[in-house]
Amino acid sequence: MFAGRYLWWMLIGIGIFMFATLSLDYITWLTIQLSGCGDMAGTCEPVLRLISGVLKPACIWAAIGILFMATLLRLHTLSLIWFWGPIVAVWFVASTPILLFVAADAAALTQPATLAALPVAFLFLAAFAAYLLFALEDGDILSLAASVPLRLTLRLTAVYGALAGVAFMPELSRIAGTLLDLPALSVVIALAQPYLQTVLTFGNGSMAPAYAVVATFIAALAASLLPHAAGPQPSRSTIMLRRLRR
């Protein structure tokens with residue numbers, strides 16, 4: 001998936017999410033007012049169940065699915081799927097609770113609790129998704145194929161972000177145990193998460209190291225876009241052969 005098509009699908013996914021979050025509640029209210037079901041107790045329940053219980057969750061999960069698949073296809077186009085695919089998958093899983101929280105109560109966006117509940121993995125995901133919007137396949141510089149120090153920095157900070165997503169997601173143990181039908185796995189994850197949190201925060205319990213790593217990751221992504229930061233550029237014939245293989 002090339003940059004323009006990736007941008008198109010990302011906008012579609014964001015649009016569906018915003019529609020479900022901001023508009024469906026008003027549509028529900030308008031439907032109730034026009035149908036007049038509010039005059040009789042219990043007659044509005046089918047409408048509420050259809051819109052709030054079926055249509056809204058379907059739109060939200062469809063939007064998340066579109067964003068996820070578009071990102072994976074973009075990585076596949078750039079031949080980055082093997083390393084970055086699992087990393088992005090962990091970021092998406094760790095970011096899903098905050099997306100569902102925002103979708104359930106859009107008014108909570110103005111509350112400090114939203115910022116407090118914002119997972120670090122979501123910041124990694126947002127920065128990386130923005131990076132993929134650049135038309136990396138149109139130039140002579142390979143995507144994320146910067147100098148060795150930059151490439152190592154990007155990978156180490158990305159792995160840290162994935163581990164942070166695992167460590168700071170309270171719902172992970174329950175979700176993993178339920179989906180895989182392995183209660184023992186839930187226990188293992190629940191026991192391992194506090195130790196992993198201690199390691200990632202260097203034992204002080206503060207999120208400052210995580211935010212510092214996010215800043216380093218964003219800076220490395222920006223630096224990798226600079227021409228002088230790239231490694232040896234491939235020849236024109238090599239680039240054309242790679243595109244033909246895709």
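Each residue takes its place number in the sequence, starting with 1. All values derive from a computational prediction rather than experimental measurement.
Between the CD1 atom of Ile64 and the SG atom of Cys59 there is a distance of 11.5 Å, given to the nearest 0.5 Å. Of the inter-residue distances, the one linking Ile16 atom CD1 with Ile66 atom CD1 reads 3.5 Å to the nearest 0.5 angstrom. Of the inter-residue distances, the one linking Leu30 atom CG with Leu24 atom CG reads 12.0 Å to the nearest 0.5 angstrom. Taking OH of Tyr6 as the start and CG of Leu67 as the end, the distance is 8.0 Å to the nearest 0.5 Å. For the atom pair CG (Leu73) and CH2 (Trp9), the distance works out to 10.0 Å, reported to the nearest 0.5 Å. Between the OH atom in Tyr211 and the CG atom in Leu123 there is a gap of 6.5 Å [rounded to 0.5 Å].
The aromatic rings of Trp91 and Phe124 lie parallel to each other, with less than 30° between the two planes, well short of the 60° mark.
Applying the side-chain hydrogen bond (donor to acceptor under 3.5 Å, both in side chains) definition to pairs two or more places apart or across chains, none involves residues 212-222.
When the shell of 6.0 Å around CZ of Phe122 is examined, it contains 12 or fewer heavy atoms from other residues, nucleotides or ligands.
Shortest non-hydrogen contact noted between Leu221 and Ala127 is CD1-O, 3.9 Å. Across Lys56 and Ala20, no two heavy atoms sit closer than the pair CE-O, 3.3 Å. In terms of heavy atoms, Ile87 sits closest to Ala158 at CG2-O, 3.9 Å. Across all their heavy atoms, Pro97 and Ala94 have their closest contact at CD-O, 3.5 Å. A pairwise comparison of heavy atoms in Phe168 and Gln197 identifies CE2-CG, 3.7 Å as the closest pair.
Leu75 places none of its side-chain heavy atoms less than 4.5 Å from the side chain of Phe83. In this structure, the side chains of Met169 and Pro119 stay at 4.5 Å or more apart for every pair of heavy atoms. Counting heavy atoms from C-beta outward, Thr71 and Trp84 have side chains that stay 4.5 Å or more apart. The closest side-chain heavy-atom distance from Leu154 to Phe128 is not below 4.5 Å. Counting heavy atoms from C-beta on, the side chains of Leu99 and Phe17 come closer than 4.5 Å. For the pair Leu132/Leu78, a side-chain contact is recorded, criterion being any heavy-atom separation below 4.5 Å from C-beta on. No side-chain heavy atom of Gln193 sits less than 4.5 Å from a side-chain heavy atom of Leu196. The side-chain heavy atoms of Thr198 and Pro194, taken from C-beta on, include no pair separated by under 4.5 Å.
Hydrophobic clustering of Ile, Leu, Val, Met, Phe, Trp and Tyr side chains at less than 4.5 Å, counting indirect connections, keeps Val199 apart from Val159. A chain of hydrophobic side-chain contacts below 4.5 Å, direct or via other Ile, Leu, Val, Met, Phe, Trp or Tyr residues, connects Trp82 to Leu72. Tracing side-chain contacts under 4.5 Å through hydrophobic residues (I, L, V, M, F, W, Y), one never reaches Leu152 starting from Tyr160; they form parts of separate clusters. Hydrophobic cluster membership is shared by Leu225 and Leu133, with clusters built from Ile, Leu, Val, Met, Phe, Trp and Tyr side chains linked at under 4.5 angstrom. One hydrophobic cluster, built from ILVMFWY side chains closer than 4.5 Å, cannot hold both Val88 and Leu156; they sit in different ones.
Remark: of the listed residues Val188, Val187, Ile189, Val187 is the sole one forming a side chain to side chain contact (heavy atoms under 4.5 Å, CB included) with Leu191.
Under the ring pair (Phe, Tyr, Trp, His ring centres under 6.0 Å) criterion, Phe92 pairs with Phe68, sequence neighbours left out. With sequence neighbours excluded, the residues satisfying side-chain contact (heavy atoms from CB on, under 4.5 Å) with Met18 are Ile14, Leu22.
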